[in-house]
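Along the sequence shown, the residues carry numbers beginning at 1. Quantities reported herein were computed from a predicted structural model and do not represent experimental measurements. Both ligands and their constituent atoms are indexed starting at 1 by order of listing. Every heavy atom of this structure was used, including side-chain atoms; hydrogens, water molecules and symmetry mates were not.
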Amino acid sequence: MTGTTSFQTLAARLDGVALRPGDAGYEDARSGVQRAYLHEPSVAVRAGGAEDVRLAVRYAAEHGHAVAVQATGHGLNAPTEGGVLIDTAPMAGVRVDPASRTAWAAAGTRWEQVIAAAAEHGLAPLSGSSPDVGVVGYTVNGGLGLLSRTFGFAADHVRRVDLVTADGEFRSVTPDDDDGLFWALRGAGGNFGVVTGLEFDLFPVARFYGGGLYFDTELIPAVLETYREWTGTVPDRMSSSIGLIPLPDVPAVPAPLRGRHVAHVRIAYAGTVESGEELVAPLRALGPRLVENVGEMPYTASGTIHNEPKQPRNFYCANAMMSKFDASVPGAVLDLVGPGAEVFAVVQFNHLGAALAQPPAIPNAVDHRDASHVLRVVTLPQGPDRDVAHETAQTVTQAVAPWALGRSPSFLQGERDAGAQAREYYTPATFDRLAALKAVHDPENMFRCNLNVPPAKGEAASPAKGEGVAPGKDEDVSPSRPGKSIVM
Ligand SMILES: Cc1cc2nc3c(=O)[nH]c(=O)nc-3n(C[C@H](O)[C@H](O)[C@H](O)COP(=O)(O)OP(=O)(O)OC[C@H]3O[C@@H](n4cnc5c(N)ncnc54)[C@H](O)[C@@H]3O)c2cc1C
């Protein structure tokens, strides 16, 4: 083929490096946090900057390759076999503009870098439980933050998306663009290009009231039931989750928690310390805490609320957005993966609603805003347990099937084969519009190593220009309304 760029030419043009299987550095480039499976690209590009991303996309297009993107590997769900992997980890950098209360972060930036830079101005981003997660992967899939019930999804507060599209061109997409990309990139972002940088809002939260309460095994049923009822009473400024966690007996776990199956209630409250104390009182009344760190804290300490591990690991995950946290759910879930269960499973319920239920100022592709909670199950496969662990994660979400609205792209983390089930993450109207936009912006489905929405064919492939499909617009016709089970 004349005019086709060779691997050597690509490698020579990059600021970063291009690697093939067997090259020194190849394993590093394809390895992230998720280790249950890895990308297996024929070419891995460690991108030194936006121009490297453009060169890699063009190379992939010329050779008919798929393009996968990885920043940290927290959300790997559709590993590429062959194709080009763009490793954005070297592209880390943040700019904060205190006057407009915005930040711009490059593709490889982790939340901890934004949190630190924003804190210098008394500001905070809508980051989530782990400061180690990548800003872009988190935000383009929705982004459920620690203070999400107060401020909404991270995707609701994006101002500009800089990316390379399937034609190998740079674009800077803002609300003024009327070709649907700004809508689609905020909720289904990985499908439409490789983001090189994002501009988004910051919030005046220097300090807040929050932390975690760990309860011992025998209190788990009472804590879970009280938490379920409590979330029906708290104000919008209170965001929270509960995790049921079998903690290993290893030195990295604090001594009082070591080897115990615990209930961990995590809160983040954007209100006064006094009212926060009143809100937490019913939880404290449940009994002694093995460990508690609830109090006023700087946003820079927000990672201590969940205190999630940083090391690479094998994990599978499944989730279900629930219209209601029914009274039967705690018992059903504990029967499956409560203390003593054979498969190691972490179960988590996040409280949704409040600002998350509001339509964003500029419509985007984040769906299921009517969910009251999301159930997440993370299993850690060990040796021959791999398939059992994967199936268990799916089985637990079936416990909430009667109230399941669908699934959340926000928690794509080890959700193996999620791409094959992309319809479950969006309402039919959103999915159809995404597919129509995909037919225009990525007709060859080059960006398919993700929660993939394939390009629509025929008549379905013509999105109305500038049309914003409001989330929930098709509520009457959705097959994923309450009462319908999600197909696993
Ligand atoms: C410990 C842990 C805690 C988490 N906590 C939260 C939480 O509190 N709230 C929440 O909403 N989510 C949370 N998540 C989920 C997390 O936000 C998603 O898994 C997210 O996709 C991770 O992004 P990443 O860049 O870190 O991961 P990666 O695995 O590097 O990327 C994940 C996917 O994001 C897309 N992507 C990444 N970079 C780009 C880019 N430059 N251009 C286009 N697409 C891109 C790709 O589809 C890629 O496959 C958590 C996950 C873990 C493992």
Side-chain angles (χ1 to χ4, degrees), residues 30-39 47 50 53 56-57 66-80 85-89 91-92 105-112 126-148 153-155 161-165 184-198 239 241 243 266 268 302-303 305-317 319 346 348 350 352 356 366 374 376 378 408-415 418-419 422 442 447-453:
R30 74 190 185 111
S31 303
V33 169
Q34 170 61 272
R35 293 293 166 92
Y37 38 86
L38 296 179
H39 286 295
V53 171
V57 169
V67 170
V69 194
Q70 181 157 281
T72 72
H74 279 86
L76 172 56
N77 60 82
T80 185
L85 170 66
I86 302 179
D87 170 16
T88 59
M91 294 171 62
T109 311
R110 295 173 189 250
W111 278 120
E112 62 192 348
L126 298 183
S127 54
S129 60
S130 168
D132 217 27
V133 162
V135 172
V136 171
Y138 170 100
T139 306
V140 298
N141 287 318
L144 185 71
L146 290 169
L147 292 168
S148 54
F153 288 97
V161 185
D162 300 328
L163 78 162
V164 175
T165 43
L185 284 164
R186 295 166 305 135
N191 277 282
F192 292 92
V194 183
V195 176
T196 55
L198 275 184
S239 301
S241 68
R266 306 79 167 239
S302 61
I305 297 178
H306 285 248
N307 208 13
E308 282 167 331
K310 287 189 164 204
Q311 67 272 24
R313 53 202 181 273
N314 298 350
F315 54 100
Y316 293 140
C317 186
N319 78 70
V346 175
Q348 176 165 319
N350 286 68
L352 307 179
L356 295 163
V366 178
V374 58
R376 298 162 61 195
V378 181
S408 166
S410 285
F411 294 112
L412 278 181
Q413 43 178 110
E415 193 146 350
D442 182 17
F447 305 115
R448 58 180 177 268
C449 305
N450 47 41
L451 183 58
N452 189 229
V453 178

**OP:** Run the numbers on T109 and V136 for side-chain contact (heavy atoms from CB on, under 4.5 Å), then give the verdict.
**Re:** CA-CA 8 Å; T109 311; V136 171; over 6 Å; no
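- Counting heavy atoms closer than 4.0 Å to ligand 1, residue E308 contributes side-chain atoms (C-beta onward) but none from N, CA, C or O.
- Remark: E112 engages K310 in a salt bridge, criterion side-chain N to carboxylate O under 4.0 Å.
- Of all the heavy atoms of R313, the ones lying under 4.0 Å from any atom of ligand 1 belong exclusively to the side chain.
- At least one N or O atom of G73, backbone or side chain, sits closer than 3.5 Å to an N or O atom of ligand 1.
- Nearest to atom 8 (O) of ligand 1 by heavy atom, out of S129, S127, S148, is S129.
- Atom 39 (C) of ligand 1 has its nearest heavy-atom neighbour, among T109, V136, N350, in V136.
- Considering G193, C449, G137 only, the shortest heavy-atom separation from atom 36 (N) of ligand 1 involves G137.
- There is a side-chain donor-acceptor pair under 3.5 Å between N191 and N452.
- Distances from ligand 1 to the non-hydrogen atoms of G143 include at least one value under 4.0 Å.
- If you look at N141 next to ligand 1, the close heavy atoms, those under 4.0 Å, all belong to the side chain.
- Shown here are the ring-ring contact (aromatic ring centres under 6.0 Å, His included) partners of F153, two or more places apart in sequence or in another chain: there are none.
- Considering backbone and side-chain atoms together, G75 places an N or O closer than 3.5 Å to an N or O of ligand 1.
- If you look at T72 next to ligand 1, the close heavy atoms, those under 4.0 Å, come from the backbone and the side chain alike.
- Nearest to atom 53 (C) of ligand 1 by heavy-atom distance, out of R266, H74, R110, Q70, is H74.
- For the residues D132, I86, L126, V69, the heavy atom positioned nearest atom 48 (C) of ligand 1 is part of V69.
- Ring geometry for W111 against Y138 counts as perpendicular: the plane angle is over 60°, on a 0 to 90° scale with 30° as the lower cut.
- Shown here are the salt bridge (Lys or Arg N to Asp or Glu O under 4.0 Å) partners of R110, two or more places apart in sequence or in another chain: D132.
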